[in-house]
Amino acid sequence: MTTPAEIQFKEVDLDAVATATGKIVVFVDVDGKMDAGARKVNTLGRKALGRFTQSDAFEKMAVGDLTNLAYPAGLEADAVCVIKLGRRPSSQEARKAGAQLAKAQSGKDVLVLAGSIARADEIALGLALRGYDFDAHKSAEKKLKGAVTFMVAKPEDVAKSAAPMAAIAEGVFFTRDLTNEPANVLTTDDFAARLAAMQELGLDVEILEEPDLHKLGMRTLLSVGQGSDSPSKVVVMSWNGGGKEAPFALVGKGVVFDTGGISLKPAGGMEDMTMDMGGAGVVAGVMRTLALRKAKANVVGIVGLVENMPSGNATRPGDVVKSMKGETVEIINTDAEGRLVLADVLWYAQERFKPVGMINLATLTGAILVALGHENAGLFSNSDELSDAFLKAAAAEGEGAWRMPLSPAYDELIKSQIADIKNVGGRFAGSITAAQFLQRFVKDDVPWAHLDIAGTASVKKETALAPAGATGWGVMALNRLIADKYET
Ligand code: BES
Ligand code: MN
Ligand code: ZN
């Protein structure tokens, strides 16, 4: 898997600046004031830094921006990177600064003079996250990864607060790798094997195979995968770091590839459906983070892994299938498959674990892209408390989410002539009817939220903390939600 940069925190030693190679990073306050580290670089570098901090160019920089001063006189380093940042930056500003640094690093060793800056840990997190590069399938020689050293006032303290952030970076990287991986590599078998490997971290991982799923009556899930040569699976990951209380449940849509099935998608852009397991990817990334930071909470992550393919054995439009809950579903469109997978996994999660709350994640509808674009995931919930807690956690992590409505009025749209419900609701309110469908499989007394991440899981342009491709959206927000609300 792609691993985040390893970052060292050391005592400040300004005598090392003259001979440091690679890049030296200094922070300059918005008013142009230099700290001890910057002054040292300024003195060694014949006052070039001071001239820059007085310039229009510096004035024009936004907080968190970086300017590269190449081949400075008086220093052995290749460049001095100047970052404009206050002494007490917000965590978003600090992460942005770290991200700029990752983009400027270009494989070089980096020495960060952060003796006067609070939140060096957040700068390190931004650097780690934006340093992600999915190069598993590039045959050219792998790019060099330079060593990153932060000089800080209290290295032990910073290292301690940076440790859970390293766990976050690793969880986000795991999600991104899974989501970026093409479907011929990340088959249902391969996905399950990668999850099973997390047993090394102290997670319990259980894999339910097709015969088990048949016995449980998960026919809506099985109906999605039956056209594929890859076997359908449900994987249960448990982290028991809390007391005896029931767990919080995370449920993910893991469609390793979505052709649409017999309701085949058009060719243009179909390759993007390799990310249709993004919900399951987020669940896996959160579980990894919880295990790495030994969270004091009980959390179960359950993912439904299937491939939606057309074949002689595939589900037909018009087929009627019985869910594990017992309700029957008329499958009008085999491309509305995510809700069929989630229906059974949600029901199973409640029957087996009686969770204190439940959040599912899914790249569920194209309609959520029409509504919210790539900036926000759609949040649907039967609980104001859970919904507010999630929105708060997401805002704190800079992950966009926007609450959308649920209401029984929409149920009219998914009534079926011949079965209990049908799996599509027509042209309008596509994301809401999908959420309404899911709610049929949620018990009234279970606080539940559904996150439609079709727009946020993977994007074509870089974002603040990720290059183009999978973002890992949601791992940080869910990790924080669990830390704030469910940790003892
Ligand atoms: N996986 C897709 C949704 C999707 C679309 C994810 C774009 C990411 C980007 C989902 O299974 C799907 O095909 N949904 C259909 C539902 C429709 C048939 C009711 C859609 O959105 O078109
Ligand atoms: Mn589909
Ligand atoms: Zn899908």
Side-chain angles (χ1 to χ4, degrees), residues 178-180 183 186 188 191 220-221 223-228 230 232 251-282 303-310 314-319 329-343 345 360-378 380 404 410 413-414 416 421-438 450-461 468-471 473-474:
L178 290 166
T179 307
N180 281 328
L186 193 80
T188 55
F191 200 154
T220 60
L221 182 148
S223 76
V224 176
Q226 73 190 35
S228 169
S230 292
S232 300
V251 170
K253 167 180 172 180
V255 176
V256 295
F257 196 77
D258 180 13
T259 64
I262 298 298
S263 313
L264 193 64
K265 286 181 181 296
M270 200 203 276
E271 70 279 9
D272 291 341
M273 286 304 119
T274 190
M275 53 69 100
D276 208 22
M277 36 49 66
V282 173
V303 294
L305 308 181
V306 300
E307 186 176 38
N308 189 18
M309 285 289 216
T315 294
R316 295 161 284 266
D319 284 2
V329 182
E330 183 186 8
I331 299 176
I332 301 290
N333 188 324
T334 63
D335 197 12
E337 85 297 340
R339 63 200 76 182
L340 300 172
V341 173
L342 289 173
V345 183
N360 73 258
L361 296 106
T363 49
L364 202 63
T365 65
I368 204 68
L369 272 146
V370 177
L372 301 174
H374 296 295
E375 315 308 321
N376 287 287
F380 301 82
M404 302 281 286
Y410 296 99
L413 300 172
I414 50 171
S416 160
I421 40 174
K422 56 183 180 181
N423 76 331
V424 292
R427 228 158 71 75
F428 298 128
S431 301
I432 305 175
T433 49
Q436 212 67 42
F437 182 98
L438 296 182
H450 152 53
L451 291 163
D452 193 335
I453 61 169
T456 52
S458 183
V459 295
K460 302 273 182 222
K461 280 198 217 133
T471 60
W473 182 97

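Since the model is a prediction, treat every value here as computed from it, not as a measurement. Numbering of ligands and ligand atoms starts at 1, following listing order.
Side chain of S416 to main chain of K422: no donor-acceptor pair is present (N/O by atom type, distance under 3.5 Å, no hydrogens or angles).
Every atom of ligand 1 with a heavy atom of T365 under 4.0 Å away is listed here by number and element: 3 (C), 21 (O). Taking every non-hydrogen atom of V424 and a distance limit under 4.0 Å, the qualifying atoms of ligand 1 come out as 19 (C). Applying the 4.0 Å criterion to heavy atoms of K253 picks out, from ligand 1, the atoms 1 (N), 10 (C), 11 (O). Each of the following atoms of ligand 1 lies closer than 4.0 Å to a heavy atom of K265: 12 (C), 13 (O). Atoms of ligand 1 lying under 4.0 Å from any heavy atom of E337, numbered from 1 in the order shown and given with element: 11 (O).
Shown here, atom 14 (N) of ligand 1 is in close reach of the protein: a heavy atom of it lies under 4.0 Å off.
Nearest protein heavy-atom contact of atom 21 (O) of ligand 1 is G366 N, 2.7 Å. For atom 10 (C) of ligand 1, the closest heavy atom belonging to the protein is L364 O, 3.3 Å. Among protein heavy atoms, the minimum distance from atom 16 (C) of ligand 1 is reached at R339 NH2, 4.0 Å. From the protein, the heavy atom lying nearest to atom 1 (N) of ligand 1 is D276 OD1, 2.8 Å. For atom 18 (C) of ligand 1, the nearest non-hydrogen atom of the protein is N333 ND2, 3.4 Å. Closest protein heavy atom to atom 12 (C) of ligand 1: D335 O, 3.2 Å. Among protein heavy atoms, atom 7 (C) of ligand 1 sits closest to M273 CE, 3.7 Å. Scanning the protein for heavy atoms near atom 6 (C) of ligand 1, the closest one is A454 CB, 3.6 Å.
Counting just the N/O/S atoms of E337, the one with the shortest distance to the Mn ion (ligand 2) is named OE1. Taking the Zn ion (ligand 3) as reference, the nearest N/O/S atom within E337 carries the name OE2. When the N, O or S atoms of D258 are ranked by distance to the Zn ion (ligand 3), OD2 comes first. For the Mn ion (ligand 2), the nearest N, O or S atom contributed by D258 is named OD2. Within D276, the N/O/S atom positioned nearest the Zn ion (ligand 3) carries the name OD2.
Taking the side chain as every heavy atom from C-beta outward, V224 and T315 never approach each other to under 4.5 Å. At a threshold of 4.5 Å between non-hydrogen side-chain atoms, the residues T334 and P317 count as touching.
Counting heavy atoms under 4.0 Å from ligand 1, residue V255 does not touch it at all.
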